[in-house]
Amino acid sequence: MPIDQISVFVENNTGRLAEITEILGNAQIDLRALSIADTADFGILRLIVDDPQKTADILKEAGCVFSVTPVLAVSIEDTPGSLARRLRLLSDSGFSVEYAYAFITRKQNNAYVIFRVDDNDLAAAVLEQHGVKVAETADLFDL
Amino acid sequence: MNYYQPEMECASPEQLRKIQEEKLIHLVSRVYENVPYYRQMMDEKGVKPRDIQSLDDIAKLPFLSKNDLKEAYPYGLLARPLSDCVRIQSTSGTTGKRVVAFYTQNDLDVWEECCARAIVAAGGTKDDVVHVCYGYGLFTGGPGLNGGSHKLGSLTLPMSSGNTERQIQFMTDLGSTILCCTPSYAAFLGETIVQQGLQEQIKLKAGIFGAEAWSEEMRRDIEKMLHIKAYDIYGLTEISGPGVSFECSEQTGMHINEDYFFAEIIDPQTEQVLPEGSIGELVFTSLSKEAFPLIRYRTRDICKLTREPCSCGRTLIKMAKPMGRSDDMLIIRGVNVFPSQIETVLLNCGYPANYQIIVDRVNYTDTFDVQVEMTPEMFSDTVKKVSVREKDLVNSLKAMLGISPKVTLVAPRTIARSEGKAVRVIDKRKI
């Protein structure tokens with residue numbers, strides 16, 4: 001099942017990223033993964049958090065521009081070639097990946113990859129058919 | 001001293017006044033008869049053509065604003081049948097506030113004569129090679145100086161703008177002696193010529209630069225780089241185009257072609273006419289225009305008029321370089337930009353009307369930045385979507401304004417406001 005990712009607009013100003021993460025830290029939001037896409041004049045901070053609803057409320061109150069987007073969190077073995085196999089599977093099934101980022105967990109030999117594809121539900125079904133575990137938000141914070 | 005038409009350029013103030021008076025009386029009765037828009041304006045003010053008996057009576061006539069031009073667009077101010085017109089020119093790509101001006105053959109002759117006077121005042125003769133790299137087309141810069149150069153009998157190079165390599169090649173190969181373009185392009189050409197070490201191969205002696213504001217410092221830099229004397233020229237499409245006034249060898253202000261254009265300075269708030277030497281808004285009456293005559297047209301340019309003996313021998317009144325605007329119009333790279341146009345585009349594209357325009361001048365070229373506040377609707381988690389929307393906005397702004405701004409997306413509520421009102425324009429140019 002897809003999980004909710006929070007994407008935040010980050011103006012290209014010194015200290016802006018610090019400000020946003022401070023807002024989240026003060027609200028006791030736990031971050032599991034993040035990535036930043038940067039262009040010449042702005043950035044997009046993408047976050048996987050323990051409580052997307054609370055995060056959205058806090059960002060809204062702080063006047064930040066953000067969006068909540070469903071993404072796929074896929075559990076893979078932390079071994080060479082395992083990411084490539086999942087990407088091949090998605091690509092052979094006709095899915096194009098907009099972006100992806102990964103993180104390893106404290107559990108041995110386990111990593112997660114966050115995928116953004118056009119049709120999350122369909123992609124999740126295809127992955128599960130092939131025995132790939134697609135995580136729920138709770139799974140990610142129970143590591 | 002050289003003059004193109006010494007009988008006018010050096011006429012006594014009394015003679016000039018008499019010419020202006022005759023033309024004004026004739027003009028007023030002509031527009032009252034032929035232009036319903038004027039007739040209604042005059043009727044509303046309770047003034048009839050017979051009330052205009054002297055030049056001073058002009059104060060009885062109503063002012064005309066850019067808004068009137070908009071309301072009367074396109075034919076509402078035509079004073080001659082369209083079949084008598086041979087040309088139109090238009091202001092730089094400003095939809096919504098576009099001005100379309102009509103010319104009869106005689107109007108073109110007068111305009112070109114005015115430009116010929118400017119070229120002669122810059123030392124031009126029929127033996128010169130006049131290199132015109134103002135834009136051609138609807139913009140009056142190219143056609144005006146091109147026509148002036150023809151009138152004078154000089155060899156005219158209708159280069160139009162852009163393609164710097166070709167400009168320099170023609171300059172060196174054909175020995176251009178007088179350069180006509182915007183001052184920022186002249187500075188750019190100068191820098192390129194210096195960089196390429198071609199100064200010795202350039203035969204320029206003078207330049208006639210207008211359509212945008214420039215400083216004395218910029219003048220000295222251009223003069224040094226190109227080894228020329230740089231002259232200012234002023235005009236506006238509404239009144240005819242470049243050549244409404246021009247600089248002479250003294251370089252202390254621009255002589256207004258008073259036999260064709262009557263100038264007044266008014267207080268922009270009270271609309272009272274101010275005495276000579278006061279700073280106020282410049283108002284023009286085009287005395288000889290047949291197709292598109294404007295009476296007491298408010299230019300919105302803030303400036304000063306002085307009539308003092310000039311070492312060049314011309315008696316024509318001089319106007320200072322415009323010092324600013326009495327409206328919010330910006331001139332960026334020679335193009336007229338109104339903040340309200342930017343607002344319209346933002347709203348059409350789905351952005352909030354919260355924006356800030358930052359204009360600066362770097363290496364003699366205007367920079368034009370528009371900061372726009374991001375909204376949840378325009379935001380996306382993918383860079384591609386945000387960038388596509390941003391590009392659409394830049395393209396729409398370019399289509400509306402005629403020049404491309406650099407758009408910067410900023411966080412909501414970050415655009416500075418003073419006393420609750422946003423500061424829309426920050427003009428950092430020091431001119």
Side-chain angles (χ1 to χ4, degrees), chain A residues 2-21 23 33-49 52 55-57 59-73 96-101 114-120, chain B residues 342 345-347 349-360 362 367-398 403-417 420 422-424 426 428:
Chain A
I3 61 167
D4 283 336
Q5 169 193 267
I6 308 279
S7 312
V8 193
F9 174 74
V10 185
E11 199 185 326
N12 194 3
N13 266 346
T14 310
R16 184 63 186 149
L17 188 59
E19 270 171 37
I20 295 170
T21 48
I23 291 166
L34 71 81
S35 91
I36 297 171
D38 64 311
T39 71
D41 62 321
F42 67 91
I44 300 174
L45 169 65
R46 302 178 184 124
L47 301 167
I48 303 298
V49 296
T55 307
D57 292 344
L59 289 171
K60 195 165 189 180
E61 201 180 310
C64 293
V65 170
F66 65 95
S67 66
V68 182
T69 327
V71 292
L72 296 179
S96 64
V97 177
E98 290 271 0
Y99 56 80
Y101 50 104
I114 309 292
F115 287 116
R116 165 78 152 95
V117 291
D118 296 338
D119 190 334
N120 284 309
Chain B
I342 292 172
V345 174
L346 287 175
L347 292 170
C349 290
Y351 289 92
N354 246 340
Y355 62 93
Q356 195 160 53
I357 302 164
I358 300 165
V359 191
D360 203 348
V362 181
T367 61
F368 176 25
D369 286 42
V370 180
Q371 293 196 339
V372 182
E373 290 187 352
M374 189 49 138
T375 66
E377 294 73 32
M378 302 314 288
F379 183 62
S380 160
D381 64 314
T382 66
V383 171
K384 196 163 67 187
K385 275 194 191 137
V386 179
S387 298
V388 164
R389 286 170 190 160
E390 192 179 356
K391 201 169 273 175
D392 284 347
L393 176 63
V394 172
N395 290 340
S396 306
L397 284 167
K398 187 175 184 214
I403 52 168
S404 253
K406 180 185 177 303
V407 166
T408 305
L409 297 166
V410 301
R413 293 196 293 273
T414 51
I415 287 175
R417 288 158 173 80
V423 181
R424 291 279 172 245
I426 299 177
K428 296 178 178 168

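What's counted below: heavy atoms across the whole structure, side chains too, no hydrogens, waters or symmetry copies. In what follows, every chain begins at residue 1, and chains take the letters A, B, ... in the order their sequences are listed.
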Review point. Do the side chain of B/R424 and the main chain of B/I357 share a donor and acceptor less than 3.5 angstrom apart?
Key: no

Exercise for review: Name the region of A/F9, side chain, backbone, both or neither, that has any atom closer than 4.5 Å to a heavy atom of chain B.
Suggested key: both

Review point. What part of A/T39 is in contact with chain B, defined as an atom under 4.5 angstrom from a non-hydrogen atom: side chain, backbone, both or neither?
Key: side chain

Check your understanding: For B/K385, what residues pass the side-chain contact (heavy atoms from CB on, under 4.5 Å) criterion, not counting sequence neighbours?
Key -> A/R116, B/S380, B/T382, B/R389

Revision key, fill the gap. The complete set of salt bridge (Lys or Arg N to Asp or Glu O under 4.0 Å) pairs with one or both residues in residues 10-19 of chain A, sequence neighbours excluded, reads A/R16-A/E19

**Study point:** Per-residue contact mode, A/V8 against chain B (heavy atom under 4.5 angstrom)
**Key:** backbone

Practice item. Indicate whether any N or O donor in one side chain lies under 3.5 Å from an N or O acceptor in the other, for A/Q5 and A/S7. Key: yes

